[in-house]
Amino acid sequence: TYRNPDKELPNKRWKRGLMLCSNRISIQHPYYNTPLGKIQWETLPTTPHQDHTDNEDDDGNRSNKIIKIKHQNSDGSFSYVHESESDGSVWVTAEIQIPNKFEKYLR
């Protein structure tokens, strides 16, 4: 019989559950990088750093990001809006906690 491997592979993959690729993402902010948004960004107060992830860049290096908006959920996930030290662009970073089924593989 003829088999279509393009259809079989996703079925095998997704029946086992979610595949975690990353638990953190950073993207440029769509509004605060516009001319009008930059003016508004400059008027926002700075938020103090409250945990180690705020002070590390994506390579794990210590950083002094200018964080102006931060939101933390009860499940430990959080997001914040910060200014890049290198070029002054504004970024949104969001992170979720690693699910338990992945956590056990990291120990």
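Just so it is clear, the values below take in all heavy atoms, side chains as well, and ignore hydrogens, waters and symmetry mates.
- No side-chain donor-acceptor contact under 3.5 Å links K70 to the backbone of S79.
- Annotation for D75 and S77: closest pair OD1-OG, 2.6 Å, computed over non-hydrogen atoms.
- In terms of heavy atoms, N23 sits closest to I98 at ND2-CG1, 3.5 Å.
- Ring geometry for Y80 versus F78: interplanar angle under 30°, hence parallel rather than tilted (30 to 60°).
- By the 4.5 Å heavy-atom criterion applied to side chains, T93 and H82 are counted as neighbours.
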- Query: When you look at Y32 and K38, which way does the side chain to side chain contact (heavy atoms under 4.5 Å, CB included) test go after all the steps?
  - Reply: CA-CA 5 Å; Y32 289 126; K38 273 293 199 184; 5.9 Å; no

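- A side-chain N or O of W91 and one of S89 form a donor-acceptor pair less than 3.5 Å apart.
- I96 contributes atom CD1, which lies 8.0 Å from atom OG of S22 (distance to the nearest 0.5 angstrom).
- Considering N33, I66, I69 in turn, N33 is the only one that fulfils the side chain to side chain contact (heavy atoms under 4.5 Å, CB included) rule with V90.
- Residues Q40 and Y31 are in side-chain contact: their nearest non-hydrogen atoms beyond the backbone lie under 4.5 Å apart.
- Using a distance-only test at 3.5 Å, with no hydrogens or angles considered, no donor-acceptor pair links the side chain of K68 to the main chain of T46.
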